[in-house]
Number of protein chains: 2
Amino acid sequence: MRLSRAAEYAVRCMLYLSTAGKGVLVGRRTIAREMDIPEQFLGKIAQQLARAGLIEIIQGVKGGFRLVVPPDELTLLMVIEAVIGEIFLNDCMLWPESCGRSPVCKVHVVWENARNQLRETLRKATFSSLITESPVLSPDAHSSLSLLNP
Amino acid sequence: MRLSRAAEYAVRCMLYLSTAGKGVLVGRRTIAREMDIPEQFLGKIAQQLARAGLIEIIQGVKGGFRLVVPPDELTLLMVIEAVIGEIFLNDCMLWPESCGRSPVCKVHVVWENARNQLRETLRKATFSSLITESPVLSPDAHSSLSLLNP
DNA sequence: GATAAATCAGACATTTTTTATCCTATTTAT
DNA sequence: ATAAATAGGATAAAAAATGTCTGATTTATC
Ligand code: SF4
Ligand code: SF4
């Protein structure tokens with residue numbers, strides 16, 4: 001029940017590219033060094049991000065990656081699911097037929113809600129909001145903090 | 001990013017025990033057969049549930065498992081975390097020192113909120129509510145459904 | 001055009017996690 | 001005593017995650 005390292009690397013890569021700005025070309029080596037990602041592994045991850053249409057990969061001398069989607073349209077969910085596939089949390093979400101109980105199972109419904117909630121939270125996190133310096137509390141800080149003391 | 005099969009089996013086992021009622025002894029074989037769980041594997045999982053204080057294991061002829069906690073105090077979160085450990089979603093939740101960015105990282109904060117939200121959802125799901133027959137919409141059906149159409 | 005610097009993409013290797021099963025010991029009702 | 005049941009450590013098999021290697025390809029520059 002944890003994020004894969006590959007997805008975390010993808011997020012870091014996109015943080016760097018978002019800071020550079022849409023369309024700005026950045027070398028793979030630079031990103032790997034600055035964000036503590038094994039360079040070859042980053043190559044593999046970048047392939048997935050490119051296939052998902054999030055970045056463009058440039059070959060040759062002075063090659064590298066460039067952001068295709070503007071940071072304010074790019075979400076954590078997009079980046080993570082580009083790498084690990086759609087989030088389902090429980091197998092019976094993806095294959096309801098794998099468990100005969102699914103049509104009447106209330107646990108199934110809980111997972112459904114949990115999944116929607118999680119994906120919604122990740123969808124709301126745009127990269128433009130993630131790369132801004134953290135000066136003060138965000139507007140919805142209260143609703144977030146309220147979760148800490150239930 | 002998916003629940004382990006062991007945790008799903010644990011949930012099913014506890015569903016069965018909750019239906020039987022607190023303190024009622026049920027044979028391991030019975031549970032395994034009724035809930036489609038490999039019996040030996042169920043034995044391993046039961047050890048974890050017992051260590052967490054959720055069930056009691058009785059040896060000998062006519063042995064089996066019995067629920068220690070009343071179903072209305074037993075939550076999905078308790079059962080799942082008894083098996084897979086506390087949910088953290090991202091490694092930097094458990095070990096903030098694993099990433100030097102954690103003190104200022106806004107992604108970190110998103111994961112913190114997502115984690116709290118998920119655990120809260122699972123904490124609200126008591127087994128007494130999970131085993132009731134599903135006749136009509138629950139009181140909070142609207143808030144749940146609203147997530148489906150964001 | 002040749003060269004060199006960069007990435008691509010498939011195959012391969014290693015490690016970790018998950019999912020069990022085996023087998024002997026122990027417990028307990030009869 | 002016997003037999004039915006679970007305990008618990010060891011082990012095995014499978015799957016997933018995490019990288020790395022290598023030859024091919026692309027492209028700026030000389
Ligand atoms: S028992 Fe319910 S939650 Fe578990 S796999 Fe079946 S449908 Fe899904
Ligand atoms: S970059 Fe942020 S989210 Fe990723 S590991 Fe570091 S602190 Fe956690």
Side-chain angles (χ1 to χ4, degrees), chain A residues 1-13 17 25-33 35-52 55-68 80-91 94-95 98-99, chain B residues 1-13 17 25-33 35-52 55-68 80 82-85 87-91 94-95 98-99:
Chain A
M1 204 67 167
R2 64 179 246 291
L3 194 68
S4 75
R5 197 167 281 245
E8 165 62 27
Y9 289 157
V11 170
R12 285 194 214 163
C13 171
L17 288 177
L25 191 63
V26 185
R28 185 176 73 178
R29 180 161 304 157
T30 306
I31 300 174
R33 181 177 3 96
M35 302 309 263
D36 303 306
I37 307 171
E39 194 187 333
Q40 302 270 40
F41 197 17
L42 175 56
K44 289 298 163 200
I45 295 164
Q47 287 175 27
Q48 299 183 268
L49 295 172
R51 265 181 240 130
I55 67 172
E56 193 181 1
I57 301 177
I58 308 298
Q59 285 201 41
V61 191
K62 295 196 175 179
F65 310 147
R66 74 159 54 115
L67 196 57
V68 166
I80 289 168
E81 293 199 331
V83 173
I84 66 172
E86 197 173 332
I87 292 173
F88 282 104
L89 292 187
N90 200 352
D91 285 356
L94 178 54
W95 309 289
S98 70
C99 178
Chain B
M1 205 67 168
R2 65 177 245 290
L3 194 67
S4 75
R5 196 168 281 242
E8 165 62 28
Y9 288 158
V11 170
R12 284 194 215 164
C13 171
L17 289 176
L25 191 64
V26 185
R28 185 177 73 176
R29 180 160 307 156
T30 305
I31 300 174
R33 182 179 0 97
M35 302 310 263
D36 304 305
I37 308 171
E39 194 187 333
Q40 302 269 39
F41 196 17
L42 175 56
K44 291 296 164 203
I45 295 164
Q47 288 175 26
Q48 300 181 268
L49 294 172
R51 267 180 239 130
I55 67 172
E56 194 181 2
I57 301 179
I58 308 298
Q59 284 199 40
V61 192
K62 294 196 176 180
F65 310 146
R66 72 158 57 113
L67 195 58
V68 166
I80 288 167
V83 173
I84 65 172
I87 293 173
F88 282 102
L89 293 187
N90 200 352
D91 285 357
L94 178 53
W95 308 290
S98 70
C99 177

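These figures come from a predicted structure and were not determined experimentally. Quick note on labels: first sequence line is chain A, next is B, and so on, each numbered from 1.
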Exercise: identify the closest heavy-atom pair between B:A46 and B:I55: O-CD1, 3.7 Å
Between A:F65 and A:R2, which residue's closest nucleotide on DNA chain C lies nearer the 5′ terminus? A:F65
Euclidean distance, atom CE of residue A:M1 to atom P of D:dA16 [Å, nearest integer]: 17 Å
Assuming nearest nucleotide by heavy-atom distance, tell me which of A:A6 and B:G43 is located more 5' along DNA chain D. B:G43
Whole-Å distance between D:dA7 C1' and B:R51 CZ? 11 Å
What integer distance in Å separates B:I84:CD1 from C:dT17:P? 14 Å
Can you tell which of C:dA20, D:dA5, D:dT18 lies closest to the side chain of B:R5? C:dA20
For B:F65 against B:L17, the heavy-atom pair lying closest together: O-CD2, 3.8 Å
B:Q48 side-chain N/O to B:V83 backbone N/O, donor-acceptor pair under 3.5 Å: yes
Roughly how many Å is it from CD1 in A:I31 to C1' in C:dA6, rounded to a whole number? 13 Å
Sugar-phosphate or base contact per nucleotide [nucleotides 20-30 of chain D; S, B, -; heavy atom under 4.0 Å]: BBB--BBBSS-
Check whether A:E56 reaches the backbone of A:A50 with its side chain - one donor and one acceptor, N or O, closer than 3.5 Å. no
Value in whole Å for how far the P atom of C:dT16 lies from CG of B:D91: 14 Å
Of the non-hydrogen atoms in A:L42 and A:R28, which two are nearest, and what is the gap between them? CD2-O, 3.7 Å
Mind checking side-chain hydrogen bond (donor to acceptor under 3.5 Å, both in side chains) for B:R5 and listing every partner two or more places apart, or none if nothing turns up? none
Answer yes or no: does a side-chain N or O of A:Y9 lie under 4.0 Å from OP1 or OP2 of D:dG19? yes
Given the options A:V26, A:L25, A:I57, A:R66 meets side chain to side chain contact (heavy atoms under 4.5 Å, CB included) only with A:L25
In whole angstroms, how far is the P atom of C:dT7 from the CZ atom of A:R29? 6 Å
Nearest-Å distance, CD1 (B:I57) to C1' (C:dT26)? 14 Å
Spacing between B:D36 atom CG and C:dT19 atom P, to the nearest angstrom: 16 Å
